[in-house]
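Keep in mind that this is a model prediction, so the values were computed, not measured. Just so it is clear, the values below take in all heavy atoms, side chains as well, and ignore hydrogens, waters and symmetry mates.
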Amino acid sequence: MKRTLTAIALAAPMTLAAQGPSYTHVEGGLNWVDPPGRYGSSDLGILIRGSYALDDTVFLRGGLSSHRFDYRSGPPGDRRTRTWDRDILSAGVGFRVPMENNIDAYGAVDVLHDFGDADDTGFRLEGGVRTVFAPSWDSAAGLRYARLSSHDNVQLFGSTFYEVAPQFSIGGEVAVGDYDELLLGARYRF
């Protein structure tokens with residue numbers, strides 16, 4: 001009996017690690033963005049996004065981000081500023097390809113709509129890898145390309161969320177490129 005309990009205790013973490021990343025979750029938090037110069041200064045806004053797995057391969061995703069950027073509107077030395085609202089709604093579809101060692105390669109395409117001052121529609125392509133480190137670290141890394149308001153934006157990103165309670169994780173994401181971003185928040189997995 002003691003050997004059986006010991007074997008179960010040793011195998012339990014491996015069983016948890018064998019579970020791949022979840023594609024059915026909602027996450028969000030505070031999102032600091034340092035935009036290209038055309039948008040002015042950095043801003044601390046919000047980002048909420050989610051994903052829903054339709055089956056083992058295909059998932060739907062969507063999100064909302066809201067930021068206000070201040071930029072100078074006059075000649076050099078002029079202290080007048082204006083505010084640029086950047087409120088982006090996204091919706092898209094993705095696919096995952098399970099690989100070895102609990103690693104998934106994934107890709108996604110989203111339609112973006114800026115209903116702030118730009119009132120423009122564009123798209124985003126994203127690809128990367130995701131994995132769950134034993135037993136509770138859900139991490140991803142990849143590349144994003146977006147075209148919105150006649151501008152191209154590219155980002156390299158990495159994210160990780162640590163499960164602090166069943167289905168609830170805290171963590172964040174760092175992205176560098178045309179927009180530098182830092183997200184600190186939480187994730188709820190269904």
* For E126 and Y106, does a side-chain donor sit closer than 3.5 Å to a side-chain acceptor? -> yes
* **Candidate pair D104 and F95, rule side chain to side chain contact (heavy atoms under 4.5 Å, CB included), full reasoning** => CA-CA 10 Å; D104 288 354; F95 64 94; over 6 Å; no
* Which atom names give the shortest non-hydrogen contact between H67 and I46, and what distance separates them? -> CE1-O, 4.0 Å
* Asked: Should the heavy atoms of other residues, nucleotides or ligands under 6.0 Å from CZ of F190 be counted, would the total exceed 12?
  -> yes
* Hey, any chance L125 and L156 share a hydrophobic cluster, counting ILVMFWY side chains that come within less than 4.5 Å of each other, even indirectly? -> yes
* Over 12 non-hydrogen atoms of neighbours within 6.0 angstrom of CZ in F123 -> yes
* Considering the options Q167, H25, E163, which one meets the side-chain hydrogen bond (donor to acceptor under 3.5 Å, both in side chains) requirement together with R189? -> E163
* Are L44 and V174 linked, directly or through other ILVMFWY residues, by side chains that come within less than 4.5 angstrom of each other? -> yes
* Structure fact -> Contacts of D138 meeting salt bridge (charged side-chain N to carboxylate O under 4.0 Å, His left out) (sequence neighbours excluded), chain-then-number -> R130, R187
* Asked: If you draw a 6.0 Å radius around CG in D55, do more than 12 non-hydrogen atoms from other residues or ligands fall strictly inside?
  -> yes
* Asked: If you look at every heavy atom in P35 and S42, which pair is closest and at what distance?
  -> CD-CA, 3.8 Å
* side-chain hydrogen bond (donor to acceptor under 3.5 Å, both in side chains) involving Q155 - partner list, sequence neighbours excluded -> R144, E181
* Of the non-hydrogen atoms in F59 and S51, which two are nearest, and what is the gap between them? -> CD1-OG, 3.5 Å
* To do: Under the side chain to side chain contact (heavy atoms under 4.5 Å, CB included) rule, what do V111 and T121 come out as? Steps first, then yes or no, please.
  => CA-CA 7 Å; V111 174; T121 301; 4.0 Å; yes
* To do: Report yes or no: do Y23 and V109 belong to one cluster of Ile/Leu/Val/Met/Phe/Trp/Tyr joined by side chain heavy-atom distances under 4.5 Å?
  => no
* Evaluate the side-chain proximity of V33 to F69: yes if any heavy-atom separation is below 4.5 Å, no if none is. => yes
* Heavy atoms only: give me the nearest V93-R61 pair and the separation to one decimal. => N-CG, 4.5 Å
* Between atom CG of D119 and atom CG of D114, what is the distance when rounded to the nearest 0.5 Å? -> 7.5 Å
* Asked: Which heavy-atom pair separates L143 from F157 by the least distance, and what is that distance?
  -> N-CE2, 3.5 Å
* Structure fact -> Sorted by chain and number, sequence neighbours left out, salt bridge (charged side-chain N to carboxylate O under 4.0 Å, His left out) with R49 holds for E27, E173
* To do: Ignoring hydrogens and angles, tell me if any N or O in the side chain of R147 forms a donor-acceptor pair with the backbone of R124 under 3.5 Å.
  => no
* L30 reachable from W32 in the ILVMFWY side-chain graph, under 4.5 Å edges -> yes
* With sequence neighbours excluded, what pairs up with D85 under the side-chain hydrogen bond (donor to acceptor under 3.5 Å, both in side chains) test? -> R68
* State, to 0.1 Å, how close P21 and N102 come at their nearest heavy-atom pair, and which atoms those are. => CD-O, 4.3 Å
* Structure fact -> Contacts of T160 meeting side-chain hydrogen bond (donor to acceptor under 3.5 Å, both in side chains) (sequence neighbours excluded), chain-then-number -> S139
* Does the side chain of D70 come under 3.5 Å of the side chain of T83 through a donor N or O and an acceptor N or O? -> yes
* Test: D117 and R86 ion pair at under 4.0 Å -> no
* Asked: Can a donor-acceptor pair be found between the side chains of S90 and D110 at a distance below 3.5 Å?
  -> no
* To do: Find out whether L60 and L54 are in side-chain contact, i.e. whether some heavy atom of one side chain is under 4.5 Å from a heavy atom of the other.
  => yes
* Any chance you could lay out the side chain to side chain contact (heavy atoms under 4.5 Å, CB included) test for S169 and Y162, step after step, and finish with the verdict? => CA-CA 5 Å; S169 303; Y162 179 75; 5.8 Å; no
* Structure fact -> Contacts of Y188 meeting side-chain hydrogen bond (donor to acceptor under 3.5 Å, both in side chains) (sequence neighbours excluded), chain-then-number -> none
* **Pair N153, Y145: side-chain N/O donor-acceptor within cut-off below 3.5 Å** => no
* To do: Give, for atom CG of N31 and atom OG of S66, the distance between the pair rounded to the nearest 0.5 Å.
  => 10.5 Å
* To do: Start with the C-alpha gap between L148 and I88, add the side-chain angles, then the distance that decides, and say whether side chain to side chain contact (heavy atoms under 4.5 Å, CB included) holds.
  => CA-CA 10 Å; L148 186 62; I88 299 176; 3.8 Å; yes
* Asked: S149 side chain to H151 main-chain N or O, any donor-acceptor pair under 3.5 Å?
  -> no
